[in-house]
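See structure below.
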Amino acid sequence: MALKSTIFKAELQLADLDRSHFGDYSLTIARHPSETDERMMVRLLAFALHASDSLAFGRGLSTEDEADLLDTDLTGAIERWVDVGLPDEKDIRRACNRSRHVVVLSYGGRGAEIWWQQTAGKVAGQKNLRVLSLTADEGQALASLAQRTMRLQCTIQEGLIWLGDDERQVELKPAVLFDETQG
């Protein structure tokens, strides 16, 4: 018998001062049986960093060639493609060819560092790519917030992120490894 995804609900109050974007979001997040709390919460963080009325979660780990989060315009064109983790450089290039903006949010400490050392030169020519990275401690701190039902507040200011619930709060500062989207 195949295992089913576990459904998590999150009420997210967002104040993104860097983008002047404020909103309340009711999110339903399906966590694939092989997905960790850490990865799921990094996906939620990626949503907060790029929140819009048209941003949506992808179909999940079992669906190849699809973004973890996808933002499309009214014509169906892909405005923003967001991947979480350590995607293959071929997948990054393919996403860059299909989307106006591509963001990769890596995590995992030393594994992420090695992945970037091996990938950086292969994606250096992409003009619409941004790669961010969380430390292992930041990823674990995010995982500690995971609950089946979450009420979270998120404030983003000058690249710093405060995400928490009524009991605890984590401070994050994703490192910018690559950013060709500003030029």
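Classified by interplanar angle (parallel below 30°, tilted 30° to 60°, perpendicular above 60°), the ring pair Phe47/Tyr25 is perpendicular.
With Leu44 as the fixed residue, the side-chain contact (heavy atoms from CB on, under 4.5 Å) test singles out one of Leu145, Leu142, Leu152: Leu152.
A salt bridge does not link Asp165 with Arg151: none of the charged nitrogens is closer than 4.0 Å to a carboxylate oxygen.
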Next on the checklist: I'd like to know whether Met150 forms a side-chain contact (heavy atoms from CB on, under 4.5 Å) with Phe8, so could you lay out the CA-CA distance, the side-chain angles of the two residues, the decisive distance to 0.1 Å, and finally the verdict.
Outcome noted: CA-CA 8 Å; Met150 299 176 271; Phe8 288 73; 4.3 Å; yes

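The number of heavy atoms from other shown groups lying within 6.0 Å of CZ (Arg100) does not exceed 12. Open room surrounds CG on Asp53; 12 or fewer heavy atoms of other groups in view lie less than 6.0 Å from it.
In this structure, Glu180 contributes its side chain and Gly125 its backbone to no donor-acceptor pair below 3.5 Å. Between the side chain of Asn128 and the backbone N or O of Cys96 there is at least one donor-acceptor pair closer than 3.5 Å. With hydrogens and angles disregarded, no donor-acceptor distance shorter than 3.5 Å links the side chain of Asp37 to the backbone of Ala146.
Checked by atom type, the side-chain pair Thr72/Ser54 shows no donor-acceptor distance below 3.5 Å. Under 3.5 Å, the side chains of Asp137 and Thr135 contain no donor-acceptor pair of N or O atoms.
Looking only at side-chain heavy atoms (C-beta outward), Cys154 and Ile161 come within less than 4.5 Å of each other.
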